[in-house]
Amino acid sequence: MSTAADVAPNEYGAENPEVRSEYPEHSHRHYLLVALALAIITGLEVMVSYVHIGPFFMPVLLILMAIKFVMVVLEFMHLRHDHKIFHYLFWSGLLLAVLVYIAYLATFKFFLPA
Amino acid sequence: MSHSHAQAQPVGEHTTTGISHNRLMMWTFLASDCMFFGSLIWVYFAYRGRYFEPPYPRDVLDIPYTSVSAAVLLLSSFSIVMALTALERADMRGFRGWLLGTILLGALFLGGQYYEFITFYHEGLTLTANLFGTTFFVLTGFHGTHVFIGVVWLLVQWLLSYFGKLTPAHVERFFVTTLYWHFVDIVWILIFTLVYLIPA
């Protein structure tokens, strides 16, 4: 479907010379590699859930989950290259959520010896 | 101010802080949404293993099926970032293609969730069946609602691009949308591991 918006796509660049990629160092290949890494880690997570690895089960799953989480936040959400204030905002929200859980556990005497 | 910080300043918008208002708004919202989903996940954990009536998680949760839906959502994160780079390059055809792919993947995820919920219902797991049902459906239901809002939002932007209302001059606006979509994905990363993979 051809519309006025399709005509001379570079016209937008010409009208707005400041329009540019904010992250020119992030090529298609970079994002593809990140996506592949995420897929592999997801596969590993599923594999771990079927394989008996004893006491390492939870730590391995949680570490893999954290790696995927951080990869999406830093690479896909571009937080790695963005202003520090966005870091403070996002991670403080996450930290507060964790602190709430710790407070809940403390309320139910989870950290006290049995 | 580093090069990346300078690039955080959007075109034509003057702000007293030197950063985009739209971006600041979205990151603030995402920080609050972290706490929202955090509280739902913690409630799920608080009642984990305290289900005195069936069906229990091991009776209903299907890991292979959910693995596919997790992969679908991860793929949609990839496709939306490709849409963003296409928009930055003023490649409107590529932008619309990748964005449509993201919309379809999001809709596929929602369809999968709907099928899963219906299956659980037929197996006796409802919102009021037991604590597992309540905590599970509230958590995944809210996540599904977020995905639905995201799909509608993306669909609107896809349509707007055909009328010249979303152009490469609006990269910042679309970037804010991608932040929301990626957040929805990372919440599912947490839910998939904490709810599905770690047995109660």
Side-chain angles (χ1 to χ4, degrees), chain A residues 1 3-6 9-13 15-16 18-24 26-28 31-32 34-35 38-39 42-43 45-46 48-50 57-58 61-62 64-65 68-69 72-73 75-86 89-94 96-98 100-101 104 108, chain B residues 4-5 7-8 11-12 17-19 23-24 27-28 30-35 37-39 41-42 45-46 63-64 67 70-71 74-75 77-78 80-82 85 88-93 161-164 166-169 171 175 178-179 182-183 185-186 189-190 192-194 196-199:
Chain A
M1 175 172 149
T3 65
D6 281 330
N10 289 331
E11 183 178 292
Y12 300 110
E15 285 178 349
N16 300 283
E18 296 298 314
V19 173
R20 61 198 180 283
S21 173
E22 286 201 47
Y23 311 100
H26 281 182
S27 62
H28 286 183
Y31 290 126
L32 188 62
V34 172
L38 289 169
T42 304
E45 280 183 320
V46 175
V48 164
S49 70
Y50 284 104
F57 175 71
M58 281 273 275
L61 268 186
L62 292 177
L64 290 174
M65 177 189 78
K68 282 169 62 180
F69 185 96
V72 174
V73 171
E75 299 298 336
F76 283 168
M77 295 172 86
H78 298 131
L79 193 60
R80 189 154 62 106
H81 302 282
D82 227 328
H83 198 285
K84 284 225 173 334
I85 197 166
F86 302 132
L89 273 172
F90 184 73
W91 297 119
S92 64
L94 199 62
L96 202 54
V98 173
V100 165
Y101 186 54
Y104 150 75
F108 286 90
Chain B
S4 63
H5 291 180
Q7 287 182 314
V11 176
T17 56
I19 54 179
R23 219 177 273 209
L24 189 61
W27 278 114
T28 307
L30 294 182
S32 73
D33 230 14
C34 274
M35 290 184 273
F37 277 105
S39 62
I41 291 172
W42 301 152
F45 265 80
I63 291 175
S67 303
L74 277 175
L75 195 57
S77 260
F78 170 71
I80 202 171
V81 84
M82 295 303 288
T85 58
E88 287 172 343
R89 289 193 327 268
D91 174 13
M92 291 308 290
R93 190 159 294 163
S161 72
Y162 279 101
F163 296 101
L166 188 71
T167 67
V171 164
F175 178 76
T178 67
L179 289 179
H182 290 309
F183 179 77
D185 181 27
I186 62 178
I189 287 172
L190 296 176
F192 177 57
T193 302
L194 298 174
Y196 289 86
L197 296 183
I198 297 178

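Letters A, B, ... mirror the listed sequences (proteins, then strands); counts begin at 1.
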Heavy-atom pair of closest approach, residues B:Met35 and A:Gly93: CG-O, 3.5 Å

B:Phe45 side chain reached by A:Tyr101 side chain, heavy atoms, under 4.5 Å: yes

Going from OG on B:Ser77 to OH on A:Tyr31, what distance comes out if it is rounded to the nearest 0.5 angstrom? 12.0 Å

Rounded to the nearest 0.5 Å, how far does OG1 of B:Thr193 lie from CZ of A:Phe69? 11.5 Å

How close do A:Phe90 and B:Ile186 get, counting heavy atoms only, and between which atoms? CZ-CD1, 3.8 Å

Examine whether an atom of A:Phe108 lies under 4.5 Å from a heavy atom of chain B, and if so say whether it belongs to the side chain, the backbone or both; otherwise answer neither. neither

Can you say whether the rings of A:His78 and B:Phe175 are parallel (under 30°), tilted (30 to 60°) or perpendicular (over 60°)? parallel

In Å and rounded to the nearest 0.5 Å, what is the OG1 to CZ distance from B:Thr28 to A:Phe86? 8.5 Å

When rounded to the nearest 0.5 angstrom, what is the spacing between OG1 in A:Thr42 and CG in B:Leu197? 9.5 Å

So do the side chains of B:Ser39 and A:Tyr104 get within less than 4.5 Å of each other, counting heavy atoms only? no

Would you mind checking which part of A:Phe76 comes under 4.5 Å of any heavy atom in chain B, side chain (CB onward), backbone (N, CA, C, O), both or neither? both

Test your reading of the model: is there a side-chain donor-acceptor pair from B:Trp27 to the backbone of A:Ile85, 3.5 Å cut-off? no

Below 4.5 Å, heavy-atom pairs only: which of B:Thr178, B:Leu30, B:Asp185, B:Leu24 has the largest tally toward chain A? B:Leu24

Apply the test side chain to side chain contact (heavy atoms under 4.5 Å, CB included) to residues A:Leu32 and B:Phe78: give CA-CA distance (whole Å), side-chain angles for both, the deciding distance (0.1 Å), then the verdict. CA-CA 7 Å; A:Leu32 188 62; B:Phe78 170 71; 3.6 Å; yes

Most heavy-atom pairs under 4.5 Å with chain A, out of B:Ala46, B:Ser32, B:Gly38, belong to B:Ala46

Measure the spacing between CE of A:Met65 and CZ of B:Phe192 and express it to the nearest 0.5 Å. 12.0 Å

Say you draw a straight line from CG of B:Leu194 to CG of A:Leu62; how long is it, rounded to the nearest 0.5 Å? 6.5 Å

Heavy-atom pairs under 4.5 Å with chain A - which of B:Leu74, B:Ile41, B:Ile80 has more of them than the others? B:Leu74

Exercise: identify the closest heavy-atom pair between A:Leu89 and B:Ala31: O-CB, 3.2 Å

